[in-house]
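Naming: A, B, ... by sequence-line order, numbering from 1 per chain.
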2 protein chains.
Amino acid sequence: MESIAAKIKEALKRNETIVIAGECEVNYSGRVEAELPIGERLLLIKADKAFLVHQPEGHQPINYMRSESKHQINVEEGNIVIRSQNLANKDFMKVIIKKVHFYQSKKLEDGQKIRVVGTEKDMSEMIYKNPELISKDFKPLSMEEHTKYGFIDVFGHDKEGNIVIIECKRFRADLSAVTQLRRYVEKIATAKGIGLEKVRGIIAAPKITANAKQMLEDWGYSFVAVNPPASYEKYDKNQKTLGNWE
Amino acid sequence: MESIAAKIKEALKRNETIVIAGECEVNYSGRVEAELPIGERLLLIKADKAFLVHQPEGHQPINYMRSESKHQINVEEGNIVIRSQNLANKDFMKVIIKKVHFYQSKKLEDGQKIRVVGTEKDMSEMIYKNPELISKDFKPLSMEEHTKYGFIDVFGHDKEGNIVIIECKRFRADLSAVTQLRRYVEKIATAKGIGLEKVRGIIAAPKITANAKQMLEDWGYSFVAVNPPASYEKYDKNQKTLGNWE
DNA sequence: ATATAGATCTCGTCA
DNA sequence: TGACGAGGTCTATAT
């Protein structure tokens with residue numbers, strides 16, 4: 001344990017990425033109080049001093065400290081004890097490691113950014129460039145702008161001179177999408193000093209829940225079925241089937 | 001590469017937790033299309049077949065496949081290629097590993113659940129048991145119930161016979177908290193066939209944003225400052241300072 | 001720093 | 001399975 005503790009300290013100083021598999025218990029205090037009894041987990045400390053505790057199942061870390069935390073390594077009663085604190089966030093974590101299955105660390109370099117296509121913003125852009133997806137008489141004026149009226153996805157008008165506000169959802173629109181749209185419509189009407197009947201609110205999404213549709217129509221808004229951008233499908237979904245899928 | 005690929009296959013069959021540090025590029029296709037050029041990362045495959053790609057910085061995995069995915073390991077042109085698919089979610093990922101810094105795998109056992117104190121539910125409970133935190137004449141009737149009126153945090157009435165609806169936020173209440181409250185108030189008023197003036201809407205939170213407060217008051221609702229439960233502070237925040245914080 | 005909203009959100013829970 | 005809301009949400013962006 002002493003030698004592993006020493007390695008962890010060295011690796012922290014060098015901003016290496018650290019991986020430890022072992023038995024541990026975890027206590028956290030900060031935005032909540034949390035305790036996790038002993039079990040076998042994977043511990044990961046990143047170059048930015050984020051500290052993740054992963055159980056063998058589940059997508060998310062079960063405990064963590066965010067970036068820019070500080071860590072203190074000690075050996076106490078034969079266990080490695082990692083105390084972490086983030087004074088800015090006022091949170092604290094203690095991990096008592098009672099058994100180590102393996103330890104590894106390595107300085108990793110990665111300046112790459114991910115490129116993503118098919119987000120809600122892409123959907124707004126598609127509608128802005130193809131207004132006929134909404135209706136024949138829709139004329140977009142601005143898109144995804146943080147205007148003084150708010151964070152409206154697509155903003156425009158129709159032939160009758162009504163203002164049109166579109167809220168896009170990439171998947172299924174729900175109640176909160178409707179209240180979001182309603183908030184924008186009311187804000188615009190107030191800001192421009194015009195009646196609510198001169199502002200059309202539209203939700204553009206592939207689907208909408210029944211309750212959301214009801215509320216939408218109760219408030220005089222409407223739903224237009226729009227699929228998110230098909231994206232460039234450069235990735236082969238007909239994956240090779242040599243070998244076995246495990 | 002061949003031997004590491006063989007180890008990965010074996011570890012997958014045994015539901016081990018797998019860790020690989022190395023250089024890779026990643027492509028994902030599913031809910032969006034994403035590509036991540038080559039860089040040094042940590043790859044983690046869990047017992048439930050979730051597959052996380054972590055960059056050396058940042059809390060979240062930069063790419064991932066969710067639980068119950070299937071993985072196929074091949075060696076192609078000297079690289080390890082992991083193809084993953086999740087037919088239920090219709091998503092696909094390909095990771096091309098061009099260099100391996102280290103590989104480890106281990107069967108991990110952990111049936112423990114985390115215990116958390118200080119959530120929004122705890123805050124609702126505190127208000128339910130201590131209604132004077134809201135006002136002298138507030139009488140709670142139900143708490144955190146999925147009533148037919150919706151998921152209202154605390155529900156009750158006052159001496160004047162008004163219905164009182166409380167929406168709790170653990171941190172700072174924002175615009176969406178106000179629209180959420182408004183939705184509940186309107187739903188109750190409609191369901192009971194009473195006027196909006198007979199339903200009081202209250203946001204209970206430690207703080208509220210200026211815009212949210214404005215909207216709240218515009219709609220005739222009110223804000224009551226309530227701190228989330230102090231929780232049991234069993235964890236020593238005056239952490240030992242032996243050794244160095246890194 | 002705060003405010004706002006998206007996310008391949010994830011996760012739990014209930015009808 | 002869908003719907004709904006919380007989350008120690010995290011992350012990006014604008015003010």
Can you tell me the distance, in whole Å, between the NZ atom of B:K169 and the C1' atom of C:dT4? 14 Å
Is the phosphate of D:dG8, meaning OP1 or OP2, less than 4.0 Å from a side-chain N or O of A:K90? no
5'-most contact on DNA chain D (nearest-nucleotide basis), A:Y64 vs A:D174, goes to A:D174
For nucleotides C:dC11 and C:dA7, find the distance between their C1' atoms and express it as a whole number of Å. 14 Å
Whole-Å distance separating the NZ atom of B:K121 from the C1' atom of C:dC11: 14 Å
Side-chain donor-acceptor pairs of residues 203-213 of chain B under 3.5 Å, sequence neighbours excluded:
from: B:T209; atom 1: OG1; to: B:A212; atom 2: N; distance (Å): 3.2
from: B:K213; atom 1: NZ; to: B:E217; atom 2: OE2; distance (Å): 3.0

Nearest whole Å is fine: how far is D:dG7 C1' from A:D91 CG? 15 Å
Side-chain donor/acceptor of B:N211 to base of C:dT4, under 3.5 Å: no
Is the phosphate of D:dG5 approached by A:S176 (side-chain N or O, under 4.0 Å from OP1 or OP2)? no
Measure the spacing between CZ of A:R41 and CG of B:D110 and express it to the nearest 0.5 Å. 4.0 Å
Between B:E57 and A:K46, does any side-chain N to carboxylate O distance fall below 4.0 Å? no
For B:A210 and for A:E167, find the nucleotide of DNA chain C with the closest heavy atom, then tell me which residue's nucleotide is more 5'. B:A210
Of B:Q60 and A:K207, the one whose nearest nucleotide on DNA chain D sits closer to the 5' end is A:K207
Verify side chain to side chain contact (heavy atoms under 4.5 Å, CB included) between A:L108 and A:T17, making sure each step is shown before the conclusion. CA-CA 7 Å; A:L108 298 179; A:T17 295; 3.7 Å; yes
In terms of the nearest nucleotide of DNA chain C, which residue is placed more toward the 5' end: B:F151 or A:C168? A:C168
CD1 of B:I203 versus P of D:dG5: gap in Å, rounded? 14 Å
Go through the steps for B:E68 and B:R66 under the test salt bridge (Lys or Arg N to Asp or Glu O under 4.0 Å), then give the verdict. CA-CA 7 Å; B:E68 314 307 328; B:R66 290 188 284 176; over 6 Å; no
What's the closest nucleotide to the A:E120 side chain, out of D:dA6, C:dA3, C:dG6? C:dG6
Could you tell me how far D:dC10 sits from D:dA6 if I compare only their C1' atoms? Round to whole Å. 14 Å
Quick one: is B:R172 getting a side-chain N or O under 4.0 Å of the C:dA1 phosphate, OP1 or OP2? no
Value for CG (B:N74) from NZ (B:K94), rounded to nearest 0.5 Å, stands at 10.5 Å
Gap between atoms CD and P, on A:Q180 and D:dG5 respectively (whole Å): 14 Å
At under 4.0 Å between heavy atoms, what does A:I62 touch on the DNA or RNA strands: base, sugar-phosphate, or nothing? nothing
Are a donor atom and an acceptor atom from the side chains of B:N86 and B:K49 found within less than 3.5 Å of each other? no
How close or far is atom P of D:dG2 from atom CG of B:N89, stated in whole angstroms? 12 Å
Nearest whole angstrom, please: distance from the C1' of D:dA12 to the CD of B:E57. 16 Å
Less than 5.5 Å between centroids and less than 30° between ring planes, does A:Y28 satisfy that with D:dG8? yes
Over how many whole Å does the gap from B:H59 atom NE2 to D:dG8 atom C1' extend? 9 Å
Expressed as a whole number of Å, how far does the C1' atom of D:dG7 sit from that of C:dA5? 15 Å
Please determine if a side-chain N or O atom of A:T209 lies less than 4.0 Å away from the OP1 or OP2 oxygen of D:dC4. yes
Ignoring backbone atoms, test whether A:Y184 places a side-chain nitrogen or oxygen under 4.0 Å from the OP1 or OP2 oxygen of C:dA5. yes
Below 4.0 angstrom from OP1 or OP2 of C:dT10, is there any side-chain N or O of B:R31? yes
Of residues 37-55 of chain B, the positions that come close to DNA chain D - non-hydrogen atoms, cut-off under 4.0 Å: none
Closest non-hydrogen atoms of B:V95 and B:M93, given as atom of the first, atom of the second and distance, are CG2-CE, 3.9 Å
For C:dT8 and B:R66 - does any side-chain N or O of the residue sit under 4.0 Å from the phosphate oxygens OP1/OP2? no
Do you know which two heavy atoms are closest between B:I165 and B:V185, and how far apart they sit? CD1-CA, 3.8 Å
